[in-house]
Amino acid sequence: MNNNIETPESNYGQLTIAEATAIQEKLKGIVKLSPMEGEIKTIAGADISLDLYSDTVYAGMVVLSYPDLKPISYSLVKTTNIFPYVPGFLAFREIPGLLKVYEQLPVKPDCIMFDGNGILHARRMGIATHFGVLTDSVTMGCAKKKLAGIYADPGETRGDYSLVTDRGDTIGFALRSKNNVKPVFISPGHKMSLKDSMDITMQCLGKHRLPEPTRKAHEFVNRFRIGELKEGYHELEQWGLF
DNA sequence: GCGACAG
DNA sequence: ATCTTGTCGC
C-alpha cells in the first residue's frame with residue numbers, strides 16, 4: 001500500500017499553491033493507467049455538499065452493485081473545510097473528508113467514481129487520480145465542465161464522444177451521456193485505462209445526464225446536509241441480497 | 001497581458 | 001459548490 005505518504009487530514013489545510021503543486025508533481029510518478037485488473041462487482045460514487053455561509057463539509061460515498069447499479073450502502077462524514085476552491089486543486093479541498101468516508105467503509109468498493117476529473121488535468125492530477133494514489137484504489141472521474149485540454153463537440157446522440165487532448169496527450173473524453181444535453185468529461189483516475197473509464201461510464205448511465213454513482217452520491221450528501229440522512233455507515237437492506 | 005478555470 | 005421559480009421538452 002502507500003504507508004509512506006503524508007496524511008492529508010493534517011497537512012492540506014495550510015498548504016500554499018506552490019506546495020500543493022509540488023505534491024501533485026510528486027504523486028504523478030505513482031499513477032498507473034494500464035487496463036484494470038479484476039472484475040467490478042461494486043462501484044462507489046463520491047461527492048461533497050457545502051453550506052452557503054459555513055465551513056461545514058458534508059462528504060459521502062454511495063456504494064452500488066455493478067452492473068445492476070442498486071445502492072447497497074453509504075458512508076457519510078461531516079468535516080470542517082479549510083482549503084479554498086482553486087481550479088486545479090480541488091483534491092486538497094475535498095479529499096480530507098472523503099478519506100474519512102472511505103475509511104469508514106467496512107468493505108471497499110471495486111471502483112470509485114468522483115465528481116471531478118482523473119488525469120483530465122493540467123498536471124494529470126485531478127481529484128480521482130490523487131485519491132486513487134493515496135489509497136491505492138481503482139478510481140475515475142466524471143466532471144460536468146471541462147477543466148483542461150481541447151475537444152470537438154461530440155454528436156448529439158447518447159454514447160457519442162470525442163477525445164480531450166492536451167499538449168499531445170489524450171487525457172479523457174467529452175461524452176454525450178444523454179440525447180441533447182451538454183457532454184460530461186470522463187477520465188481514468190488510477191489503476192485503469194482510458195478505455196476502462198469510458199466502458200464503465202457507459203455501463204453506469206441511466207436515464208439522466210450524470211452516471212448513477214455520482215448522481216446518487218450527490219443526492220445522498222445533499223440529503224445529509226439538510227438533515228434527512230445521518231452521519232455514519234449505513235446499509236440499504238430493503239430486498240436483502242440474503 | 002488575455003482568456004480559461006473540476007467543485 | 002450554494003440560492004431560486006417557472007418553464008420547456010421528452
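Reminder, nothing fancy here: chain letters follow the sequence lines and each chain counts from 1. Source: prediction; values computed, not measured. Just the heavy atoms: all of them, side chains too, but no hydrogens, waters or symmetry mates, feed the values below.
Of all the residues in residues 204-230 of chain A, A:His218, A:Asn222, A:Arg225 reach under 4.0 Å from DNA chain C with at least one non-hydrogen atom. Heavy-atom distances under 4.0 Å link DNA chain B to A:Ala143, A:Lys144, A:Lys145, A:Lys146, A:Leu147 of residues 143-161 of chain A, given in residue order. Within residues 175-202 of chain A, no residue places a heavy atom under 4.0 Å from DNA chain B.
Between A:Lys41 and A:Glu39, some side-chain heavy-atom pair lies under the 4.5 Å cut-off. Within the 4.5 Å cutoff, the side chain of A:Ile226 has no heavy atoms near those of the A:Asn222 side chain. Between A:Ile171 and A:Thr165 the shortest side-chain heavy-atom distance does not fall below 4.5 Å. Side chains of A:Ser65 and A:Leu69 form no contact here, defined as non-hydrogen atoms less than 4.5 Å apart.
In the model, A:Gln14 has no side-chain atom that pairs as donor or acceptor with a side-chain atom of A:Tyr12 under 3.5 Å. Looking at A:Thr56 and A:Ser54, their side chains do bring a donor and an acceptor atom within 3.5 Å of each other. No side-chain N or O of A:Thr157 forms a donor-acceptor pair with one of A:Asn179 less than 3.5 Å apart.
The cationic group of A:Lys108 lies under 6.0 Å from the six-membered ring centre of A:Tyr102 and within 45° of the ring axis, placing it in a cation-pi geometry.
Here A:Ile127 lies in heavy-atom contact (under 4.0 Å) with a base. Nucleic acid contact for A:Gly88: base, since at least one base atom lies under 4.0 Å from a heavy atom of the residue.
Remark: C1' of B:dG7 and CZ of A:Phe83 are 13 Å apart, rounded to the nearest angstrom. For the pair A:Tyr58 OH and C:dT2 P, the computed distance is 11 Å after rounding to whole Å. The nearest whole Å value for the distance from the CG atom in A:Asn117 to the P atom in B:dA6 is 9 Å. Note: CZ (A:Arg123) to P (B:dA4) measures 19 Å, nearest angstrom. Atoms CG (A:Asp115) and C1' (B:dG7) sit 7 Å apart, rounded to a whole Å. Atom CZ of A:Phe92 is separated from atom P of B:dG7 by 18 Å (rounded to the nearest Å). Going from atom CZ of A:Arg93 over to atom C1' of B:dA6 covers 12 Å, rounded to whole Å. Distance, A:His121 NE2 to B:dA6 P: 11 Å, rounded to whole Å.
The listed nucleotides are C:dA1, C:dC3, B:dA6; the one nearest the side chain of A:Leu50 is C:dA1.
A stacking contact between A:Tyr85 and C:dA1 is absent: the pair does not combine a ring-centre distance of less than 5.5 Å to the base's six-membered ring with planes differing by less than 30°.
Although no hydrogens or angles enter the test, the distance criterion places no donor-acceptor pair under 3.5 Å between the side chain of A:Thr42 and the main chain of A:Pro109. Not one N or O on the side chain of A:Arg209 forms a donor-acceptor pair closer than 3.5 Å with the backbone of A:Ser177. At distances below 3.5 Å, at least one donor-acceptor pair connects side-chain atoms of A:Asn81 with backbone N or O atoms of A:Phe83.
Applying the side-chain hydrogen bond (donor to acceptor under 3.5 Å, both in side chains) criterion to A:Lys78, with sequence neighbours excluded, gives no partner residue.
Between A:Asp153 and A:Glu156 the shortest heavy-atom distance is OD2-OE2, 4.1 Å.
Separating the CG atom in A:Leu15 from the CZ atom in A:Phe89 is a distance of 10.5 Å, to the nearest 0.5 Å. Atom CG in A:Leu210 sits 9.5 Å away from atom CE in A:Met113 (nearest 0.5 Å).
Ring geometry, A:Phe185 versus A:Tyr151: the interplanar angle exceeds 60°, so the pair is classed perpendicular (tilted spans 30 to 60°).
Residue A:Tyr53 has no polar side-chain atom (N or O) positioned under 4.0 Å from OP1 or OP2 of C:dT2.
Taking a pair as Watson-Crick or G-U with both hydrogen-bonding distances under 3.5 Å, no stem of three or more pairs touches DNA chain B. For DNA chain C, there is no stem of at least three Watson-Crick or G-U pairs with distances under 3.5 Å.
Between A:His130 and A:Phe92, the ring center distance clears the sub-6.0 Å criterion.
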